[in-house]
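One structure is given below, encoded as structure tokens.
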Amino acid sequence: MESNNEVRVRIAPSPSGNLHIGTARTALFNYLFAKKNHGKYVLRIEDTDLERSSQAYIDNIYDSLKALGLNWDEGPDVGGPYGPYQQSERFDIYPKYAKKLMDMGYAYECFCTQEELDAEKEESIKNKKPHKYSGKCRHLSEEEKEKLRAQGRKPSIRFHVPEGETSYDDMVKGHLHFDNSLIGDFVIMKSNGTPTYNFAVVIDDMEMKISHIIRGEDHISNTAKQIMIYNALGAEVPKFGHLGMILAPDRSKLSKRHGATAVSEFVEKGYLTEALVNFVALLGWSPSDGHEIKTLDEIAADFRISEVSSSNSIFEYDKLNWMNGQYIKKMDLAKLTQLVKPYLSCYDLSEYTEKQLERIVEVTREPITILSELTNDTKYFFGKDVEIEPDVQEKILNGEVAKKVLPYVIENELDKWDFDDEEKLHEQLADLRTYFKEQHGIKPKETMWAIRAAVTGRTHGADMVATLILLGKDRVVHRIKAAVK
RNA sequence: GGUCCCAUCGUCUAGAGGUCUAGGACGCGGCCCUCUCAAGGCUGCAACACGGGUUCAAAUCCCGUUGGGAUCACCA
């Protein structure tokens with residue numbers, strides 16, 4: 001009895017593209033549900049459509065899921081008691097069930113050609129009637145079937161939809177019901193001998209003992225069909241829960257033209273997987289304590305599927321960016337430095353030691369929101385010379401303040417500055433500010449601007465003391481002298 | 001078009017008949033801090049789609065309207 005109560009959920013992506021952020025959210029909610037209920041979380045690859053599936057996409061799905069921390073208990077790579085976990089390796093089991101259904105009178109062979117089906121469809125559209133398969137092959141005699149077969153026709157197998165109503169209690173939407181008379185007899189086995197999606201999922205979920213199915217609400221209409229198959233097979237119907245969709249800001253389906261859609265694309269852009277998971281969890285779910293920055297484990301402990309919002313939610317970058325920034329600020333420095341390196345590949349990293357690189361990341365990480373910003377934000381650390389922004393040249397370096405400050409610094413300060421001692425240099429700069437404020441009435445801010453402009457070519461950037469020390473005396477002297485010329 | 005789902009600030013949401021002159025977060029404005037950009041602290045702006053009911057009382061329940069979404073394949 002114990003095994004019957006075990007919570008088993010699954011995520012069943014189809015490898016016809018990289019792992020979509022929406023699929024990632026579905027995976028996350030399944031994972032959370034499994035964790036919260038001490039159940040198993042299964043990964044199944046639905047590659048029934050061999051034409052569109054590829055190994056590269058399968059690898060992308062594995063990598064993305066792992067990067068997000070959504071590790072599965074059973075799956076194609078790790079195995080498990082109910083394998084295989086890849087549909088293309090399960091092709092021999094579906095016909096058995098199809099035959100069983102036919103023997104019991106729940107399914108029948110359909111010899112209609114695509115053309116005939118299309119004609120039927122057009123006819124009903126013309127008559128403004130909702131389209132639905134007529135069921136004309138339902139009562140073919142053995143002789144008729146033989147005749148059709150002799151013509152070389154390969155039959156598909158259709159499920160005979162019973163009369164009445166199909167209903168169930170959705171874990172997030174509540175009670176749902178469907179009028180069976182609106183559903184035509186649907187194909188479960190294609191004429192080429194492979195199962196259709198609706199059939200394969202049911203067989204697989206049944207054999208894999210899936211207890212709860214959490215998925216996007218685009219599957220609601222499939223649910224009726226699937227429940228009918230479970231019932232025909234005399235199998236226990238799992239519990240269903242349908243999540244609202246993630247929409248783009250224009251309320252359409254999230255697609256390429258809105259920017260990144262695959263988890264791997266977000267990662268390439270410089271989003272941290274921890275932030276991605278956290279953000280996506282907040283689409284439809286909210287923490288009971290109001291504290292939104294949470295680890296996967298914390299979210300799992302607080303997760304209740306019944307409290308998930310049943311409406312769609314819009315994917316806005318503002319909050320994702322903010323959250324990503326929060327994670328960047330808090331992340332372990334050594335780890336972050338490694339993550340950042342790919343974005344710094346255009347520079348000669350050998351100019352600095354590993355420790356110094358870490359320091360560069362440490363002092364530049366503060367204002368950034370995505371990792372890729374660091375490419376530009378660390379630019380002035382590299383190379384002997386620095387590129388001065390036109391605006392900075394004009395407004396700062398050509399200004400009166402710079403003309404006073406910079407020569408003074410060259411004359412009286414550079415040799416005194418302590419490039420090895422952060423505290424001392426900090427004081428020396430503070431003294432310099434005080435000096436110009438008292439002697440020339442120049443604001444502290446402006447004094448620093450002049451130096452910053454000369455050394456970094458910009459008006460803002462990392463902490464000045466840290467920057468000077470990192471750059472080192474040679475570069476600083478060179479750059480300040482170059483600026484006064 | 002048929003069917004189904006959904007509807008609180010711009011966005012994500014809290015809210016399960018009275019505690020709501022509707023709370024939080026992001027974003028936006030202001031102030032403080034400050035060598036800059038940030039961060040942090042304080043603060044301001046901003047929503048119950050509309051119309052009917054039910055009830056002493058409705059953001060919360062019911063009906064309708066409108067709007068949005070999904071789905072109607074031998075794709076998954």
A:Phe279/A:Tyr271 aromatic ring centres below 6.0 Å: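 Centroid distance A:Phe279-A:Tyr271: not below 6.0 Å, so no.
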A:Tyr197 ring center within less than 6.0 Å of A:His219 ring center: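 Judged by ring-centre distance (under 6.0 Å), A:His219 and A:Tyr197 do meet the cut-off.
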Hey, does the side-chain of [X] have a donor or acceptor N/O within less than 3.5 Å of a partner on the base of [N]?
| X | N | value |
| --- | --- | --- |
| A:Arg452 | B:C35 | yes |
| A:Asp463 | B:C35 | yes |
| A:Lys329 | B:A39 | no |
| A:Ser191 | B:C74 | yes |

Between [M] and [N] - [atom1] atom distance, rounded Å:
| N | M | atom1 | value |
| --- | --- | --- | --- |
| B:A58 | B:U8 | C1' | 14 Å |
| B:A14 | B:G64 | P | 26 Å |
| B:A49 | B:U60 | C1' | 16 Å |
| B:C50 | B:G27 | C1' | 28 Å |
| B:A7 | B:A16 | P | 16 Å |
| B:C32 | B:A57 | C1' | 45 Å |
| B:G68 | B:G30 | C1' | 36 Å |
| B:C75 | B:U13 | C1' | 34 Å |

Does OP1 or OP2 of [N] have a side-chain N or O of [X] closer than 4.0 Å?
| X | N | value |
| --- | --- | --- |
| A:Arg52 | B:A76 | no |
| A:Lys225 | B:C4 | no |
| A:Lys121 | B:A73 | yes |
| A:His242 | B:C6 | no |
| A:Arg251 | B:G69 | no |
| A:Ser286 | B:A14 | yes |
| A:Lys330 | B:A39 | no |
| A:Gln87 | B:C75 | no |
| A:Ser313 | B:U13 | yes |

Nearest-angstrom distance from the residue atom NE2 of A:His291 to P of B:A14: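 Those two atoms, NE2 and P, are 18 Å apart.
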Spacing of A:Asp179 atom CG relative to B:C5 atom P, expressed in whole Å: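 Checked: the CG to P distance equals 13 Å.
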A:Phe186 six-ring face occupied by A:Lys225 cation (under 6.0 Å, within 45°):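 Positive - A:Lys225 is close enough to the ring of A:Phe186 and near enough to its axis.
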Cationic tip of A:Arg158 above A:Tyr133 ring, under 6.0 Å, 45° of axis: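 Yes, a cation-pi geometry.
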For [N], the Watson-Crick or wobble partner whose two distances fall under 3.5 Å:
| N | answer |
| --- | --- |
| B:G17 | none |
| B:G40 | B:C32 |
| B:A25 | B:U11 |
| B:G64 | B:C50 |
| B:C4 | B:G69 |

Side chain of A:Glu217 (C-beta onward), nearest among B:G69, B:G24, B:C35: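 That would be B:G69.
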Which nucleotide in B:A39, B:C6, B:A73 has an atom nearest any side-chain atom of A:Glu366: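 Of all the options, the side chain of A:Glu366 is nearest to B:A39.
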For A:Ala454 against A:Leu397, the heavy-atom pair lying closest together: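 In this case the closest contact between A:Ala454 and A:Leu397 is N-CD2, 3.9 Å.
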Ring geometry between A:Tyr168 and A:His242 (parallel below 30°, tilted from 30 to 60°, perpendicular above 60°):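 Ring orientation, 0 to 90° scale: perpendicular.
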